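Right, one structure below, let's go through it.
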Amino acid sequence: MSVLLIGGLLEKKYNPEKVELKWQKYWAENNLHKTGSEPDKKKFYCLEMFPYPSGKIHMGHVRNYAIGDVIARYKKMRGFNVLHPMGWDAFGLPAENAAINQGVHPAKWTYDNIDYMKNQLNRMGLSYDWEREVLTCSPEYYKWNQWFFLKMYEKGLAYRKSSFVNWCPSCATVLANEQVIDSKCWRCDSIVVQKELEQWFLKITHYAEELLQACDSLKGWPESVVLMQKNWIGKSEGLETDFAIDGMDEKIRIFTTRADTLFGATFVCLAPGHELSEKLVTDKEALEKVKEHYGKMEQKVGLFTGHYAINPVNGEKIPIYVANFVLMEYGTGAIMSVPAHDQRDFDFAKQYGLPIKTVVVPEGKEKISLDEAYEEDGVLVDSGEFTGLKSAEARVAIAKSLEEKGLGKRVVNYRLRDWGISRQRYWGTPIPIIYCDKCGTVPVPEADLPVILPENVKFKGTGGSPLKELEDFINVNCPKCGGRAKRETDTMDTFVDSSWYFFRYCMPKDDIDLTSRPPEFDYWMPVDQYIGGVEHAVLHLLYSRFFTRVMRDLGLTDLSEPFENLLTQGMVCKETLKCPEHGWLLPEEVKDGKCIKCGSAVESGRVEKMSKSKKNVVDPDHLINKYGADTARLFSLFAAPPEKDLEWSDKGVEGTYRFLHRVWNIVYQNLEKLKEAKGTEPDMNALLRKTHQTIKRVTNDIEREYHFNTAIAAMMELVNEISSFKPKSDKDWGTFRFAVETVLLLLSPFSPHIAEELWETLGNSPSIFNKPWPSWDEEIAKEEEIELVIQVNGKVRAKLMIPAGLPEEEIKQKALNEPKIKALTDEKPIKKIFVIRGRLLNIVI
RNA sequence: GCCGGAGUGGCGGAAUUGGUAGACGCAAGGGACUUAAAAUCCCUCGGGGCUUUGCUCCGUGCCGGUUCAAAUCCGGCCUCCGGCACCA
């Protein structure tokens, strides 16, 4: 590479694309990102959540993977064996929609997207070991989903039951809760109905208590995420008790957390799906109507069954209703209703003219108003022998009393439900089950795995799974009796795929066998640092914790928790533009603050999460083409600390780009002298001190919660100081070179290409990533002089340079002798002097 | 409604254990270089006041408290963002 001198200035201009492509090629050819395995090093497993191959990466990915790459590269330089893998969450609905809408096979669509996105990731200069790439739609991978399913089936952790699902009649498919918007299908706007369907479930509730308890061991997780997990599991302790049905030999078992209000129950409600609802209600049509309103919040709908229940504590006869707001899935599917002390029951009672009976009053009061329910604790009234007790005491006393009489028992309930994994879709893992008329539900034998997802399917515009039409697939011989049988056509929820992929990365591609415990699990797991969006704070992380426990109980690992440390990055946001007539606008649709379509004044300024619909996205391809990957990475790390939302600013990107130019120019404008200075020991001076201080700051900022933004600010300060440093001697040039090389080392995890290039330019042999992370000398970093701030009564009155490490008495004397301070303290008695070493002194008068 | 998180210059953000509020960057203004522009470099940059190269007062959402000292700790509010939401 030649350097042209024109008019005394070097023409060598920073060309990010050229530099970046050169080093990406070099890294690939030299296998630089291969997972380390040196026995004397400690391991570090750095993982970013793998993407769904939707087509192109977005800025959220750029941020996520930039963060992960800094950590991976930094840890490698700190001497760890680093595992830093990447893969694809490749099953899912969008691929199937593409098939329906564009006629492309989901597999082709997916693989094409992966091709494109993999190039984008490589173009970002990310240090992945692609030998371990996970592709969840490959039979080699999903075979083990099926294997896990069979193991869980054996243990009773996978079971089939009928339950209500969101069903879109027009698409003929089940919808997830988040695909139902205002009771309508997200795709076709049809009204979603509740349909009862046989579905496969994984028994995550078996681990509910353990998953909850272990939350407290998640020390490396953000507290907010741990809390969300706890709330999701939602443990509540209460009482189960039976209400006998008057004139029948049946009982209604109810669950309550408010045993203290038992005397205030004025009716009982059953969920519409409760078996007794069917039994007690004769008007089936009316019952159907209630069922239609099940799970809908707009209004409460009830139906009197014509029967009465008997309150176990006082023998009162109270009416039994079927009510749409009572959930079948929680507790026992039946409740006692205490309208005086529960707002929902209160509303229902008002609507159907049912009595309201107060049994708890606030301490020191005798009555409560009847405008709304009194839900707080208080003192019991009209509650027989329990009258006068406080709520908390009464809950225990009443529960005990019922337990003794054999009429109830204290129980624990969880909000957490078993995980329904059946999807009436094509593009997912086939559930390995066969239905035989003779033998019933028969699991596919392990030796027959994987059940391959057939490719020769036809997609109809109406939705529904095309597997149902595929005779070759459906018709099989029963593994037990050999007779004719039918395959399950549902596929698994894609959350299954992502619940254990981090185990799979521990070994190279396709090299996996879970029938015996892989030693790689013991070496690499747990993940030391997991990084991803907070949108997965509950489901993905909870399912992964569940799967890890299942694997533990299968003897595949000793671990219970897969992720030692978790970093949830903030969203990438940008200013939006909105026209009162035309809605969201692209920046190019606005001219001089006005909409180019209609000329109305554009409302701008609201910062929102980047999304196509709000037209405020930045395309990573454009960004990288214009500024290069190093700038894109550096800006997304500099603009905010990783866990906070990041506000995108095109101007800010320019600033970061400028900074890299400055680094580049420092090297090229001083190249000859810098090369000559190779081997010259640095000399003690202010720049050397600043260099050591910067190593310390950058290292500490990375170690302390990955505060990359301040680490980068520190590097900028050092670069500013290098720019203004004018070397006078050979030794000065030694210092200069040391400072520049240190900047490159510190910068290398953030902007790896430019660091690598300039490192080589200075006459060093690549790769910079084989160099150890620099260390600092505390003695050199120490300031000789410090600025002493002198306060009088807490207000800054003077500043004074003093030698560091001056004894306290001398500091006081110097401060008191300062003319300004003398004037202020003159003739006044000094009450006290506080000295904060190395910082400040406060004189109280 | 319940549970979290946040609020600091014109803007993004710093301030590690309570110890100089505003690091670093952006924007803005002024200057140098240039025929000119871009780029680059230098200077100024929270607000007010004054006797203006300095001095002084105010200032971290609002009100109060603890302390020699509060962006930081405590109590009470306000606003915004996120999660859950008929879970009995």
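Treat the numbers as computed from the prediction; the structure is a model and nothing was measured. Just so we're on the same page: letters track the sequence lines, and every chain starts at 1.
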Worksheet item: How close or far is atom C1' of B:A88 from atom OH of A:Y294, stated in whole angstroms?
Response: 13 Å
Worksheet entry | Any N/O donor-acceptor pair, A:K831 side-chain to B:C68 base, under 3.5 Å | no
Worksheet item: Across the strands shown, which category fits A:I335 at heavy-atom distances under 4.0 angstrom: base, sugar-phosphate, nothing?
Response: base
Discussion item. Going by the rule side-chain hydrogen bond (donor to acceptor under 3.5 Å, both in side chains), which residues pair with A:D216 if we only count those two or more places apart in sequence or in a different chain?
Written reply: A:K230
Worksheet entry | Below 4.0 Å: OP1/OP2 of B:U16 and any side-chain N or O of A:R839 | no
Practice prompt. Rounded to whole angstrom, note down the P distance from B:U79 over to B:A23.
Written response: 32 Å
Worksheet item: Who are the side-chain hydrogen bond (donor to acceptor under 3.5 Å, both in side chains) partners of A:Y414, not counting sequence neighbours?
Response: A:E209
Worksheet item: If the sugar-phosphate is the primed atoms plus P, OP1 and OP2 and the base is the rest, what is the B/S/- string for nucleotides 46-54 of chain B, using protein heavy atoms under 4.0 Å?
Response: ---------
Fill in: 5′-ward residue of the pair A:N231/A:F255 relative to RNA chain B
A:N231
Item to complete: Please list, chain by chain and in numerical order, all residues satisfying side-chain hydrogen bond (donor to acceptor under 3.5 Å, both in side chains) with A:E721, sequence neighbours excluded.
Response: none
Is there any protein nitrogen or oxygen under 3.5 Å from a nitrogen or oxygen in nucleotides 74-82 of chain B, and what are the pairs?
residue: B:C81; atom: OP1; partner: A:R606; partner atom: NH2; Å: 3.2

Worksheet item: Rounding to the closest angstrom, what is the interatomic distance between B:C3 and B:G76 at atom P?
Response: 13 Å
Discussion item. I need the CG-P distance between A:D345 and B:C86, as an integer number of Å.
Written reply: 14 Å
Worksheet item: Reading RNA chain B 5' to 3', what string of ( ), [ ], | and . shows its pairs, if Watson-Crick and G-U wobble pairs count only when both distances fall under 3.5 Å?
Response: (((((((..(((......[....))).(((((.......))))).(((((...)))))..(((((..]....))))))))))))....
Item to complete: For residues A:L380 and A:V359, determine if any side-chain heavy atom of one lies less than 4.5 Å from a side-chain heavy atom of the other.
Response: no
Practice prompt. Quick one: label A:Y414 by what it contacts on the DNA or RNA (base, sugar-phosphate, nothing), any heavy atom closer than 4.0 Å.
Written response: nothing
Worksheet item: Choosing from B:G19, B:C86, B:C84, which nucleotide comes nearest the side chain of A:K300?
Response: B:C86
Worksheet item: Just checking A:E654: base, sugar-phosphate only, or nothing, at a heavy-atom cut-off of under 4.0 Å?
Response: nothing
Worksheet item: Quick one: side chain to side chain donor-acceptor pair (under 3.5 Å) pairs with a partner in residues 787-805 of chain A, sequence neighbours left out?
Response: none
Sort me out a list of protein N/O and nucleotides 57-61 of chain B N/O pairs below 3.5 Å, or just none if empty.
residue: B:C57; atom: OP1; partner: A:R797; partner atom: NH2; Å: 3.4

Show which side-chain atoms of residues 320-328 of chain A pair as donor or acceptor with protein atoms under 3.5 Å away, not counting sequence neighbours.
residue: A:N324; atom: OD1; partner: A:V301; partner atom: N; Å: 2.8
residue: A:N324; atom: ND2; partner: A:H293; partner atom: O; Å: 3.1
residue: A:N324; atom: ND2; partner: A:Q299; partner atom: O; Å: 3.0

Worksheet entry | Between B:G83 (P) and A:Q229 (CD): distance, integer Å | 15 Å
Discussion item. Does B:C26 have its OP1 or OP2 closer than 4.0 Å to a side-chain nitrogen or oxygen of A:R658?
Written reply: yes
Worksheet entry | Worked check of side-chain hydrogen bond (donor to acceptor under 3.5 Å, both in side chains) between A:E643 and A:Y706 | CA-CA 9 Å; A:E643 71 281 2; A:Y706 304 123; over 6 Å; no
Worksheet item: When you check the phosphate oxygens OP1 and OP2 of B:A88, does a side-chain N or O of A:S236 lie under 4.0 Å from one of them?
Response: yes
Worksheet, complete the sentence: Atom CZ of A:F834 and atom P of B:C68 are separated, to the nearest Å, by 6 Å
Discussion item. If I pick the C1' atom on B:G13 and the same atom on B:C63, what distance separates them, to the nearest angstrom?
Written reply: 28 Å
Discussion item. Among residues 704-717 of chain A, which ones have heavy-atom contacts with RNA chain B below 4.0 Å?
Written reply: A:R704, A:N709, A:T710, A:A713, A:M716, A:E717
Fill in: B:C41 OP1/OP2 closer than 4.0 Å to side-chain N/O of A:N665
no
Discussion item. Under 4.0 Å, heavy atoms only, any strand: does A:V326 hit a base, just the sugar-phosphate, or nothing?
Written reply: base
Item to complete: Looking at every strand, decide which applies to A:D347 at a 4.0 Å heavy-atom threshold: base, sugar-phosphate, or nothing.
Response: nothing
Discussion item. Assess whether a salt bridge exists between A:R253 and A:D242, defined as any Lys/Arg side-chain N lying under 4.0 Å from an Asp/Glu carboxylate O.
Written reply: yes
Worksheet, complete the sentence: Per atom distances to the A:Q791 side chain, the nearest of B:C3, B:U20, B:A88 is B:U20
Discussion item. How long is the straight-line distance from OG1 of A:T631 back to NZ of A:K626, given to the nearest 0.5 Å?
Written reply: 11.5 Å
Discussion item. It should be established whether A:R697 places a side-chain nitrogen or oxygen under 4.0 Å from OP1 or OP2 of nucleotide B:A23.
Written reply: no
Worksheet item: Relative to the 5' end of RNA chain B, which residue comes earlier, A:E647 or A:V844, by the nucleotide with the nearest heavy atom?
Response: A:E647
Discussion item. Applying side-chain hydrogen bond (donor to acceptor under 3.5 Å, both in side chains), can you list everything that pairs with A:W776, at least two apart in sequence or on another chain?
Written reply: A:E778
Practice prompt. Remember a base hit wins even if backbone is also touched, and classify A:G331 as base, sugar-phosphate or nothing at under 4.0 Å, heavy atoms.
Written response: nothing
Worksheet item: Is the shortest side-chain N to carboxylate O distance from A:R697 to A:E717 below 4.0 Å?
Response: yes
Worksheet item: A:L270 CG to B:C86 C1': how many Å, rounded?
Response: 16 Å
Item to complete: With heavy atoms under 4.0 Å as the rule, sort A:S649 into base, sugar-phosphate or nothing.
Response: nothing
Item to complete: Assert yes or no for the condition that the ring centre distance of A:W419 to A:F201 is strictly below 6.0 Å.
Response: no
Discussion item. Go through it in stages, so that I can follow the logic: the residues are A:T710 and A:D701, the test is side-chain hydrogen bond (donor to acceptor under 3.5 Å, both in side chains), and I'd like the CA-CA distance, side-chain angles, deciding distance and then a yes or no.
Written reply: CA-CA 7 Å; A:T710 50; A:D701 284 349; 3.0 Å; yes
Item to complete: For nucleotides B:G64 and B:G5, find the distance between their C1' atoms and express it as a whole number of Å.
Response: 24 Å
Item to complete: Identify, with sequence neighbours excluded, every residue that meets side chain to side chain contact (heavy atoms under 4.5 Å, CB included) alongside A:A639.
Response: A:F635, A:L646
Practice prompt. Considering only atom P, compute the distance from B:C41 to B:C26 and round it to an integer number of Å.
Written response: 10 Å
Worksheet item: For the residue pair A:N311 and A:L262, what are the closest heavy atoms and their distance?
Response: ND2-O, 3.0 Å
Practice prompt. Using a heavy-atom cut-off of under 4.0 Å over every strand shown, decide if A:E240 touches base, sugar-phosphate, or nothing.
Written response: nothing
Item to complete: Have a look at A:K651 and say if it touches a base, only the backbone sugar-phosphate, or nothing, with a 4.0 Å heavy-atom cut-off.
Response: sugar-phosphate
Discussion item. Over 60° means perpendicular and under 30° means parallel, so tell me whether A:H536 and A:H540 are parallel, tilted or perpendicular.
Written reply: perpendicular
Fill in: Spacing between A:L416 atom CG and B:G83 atom P, to the nearest angstrom
19 Å
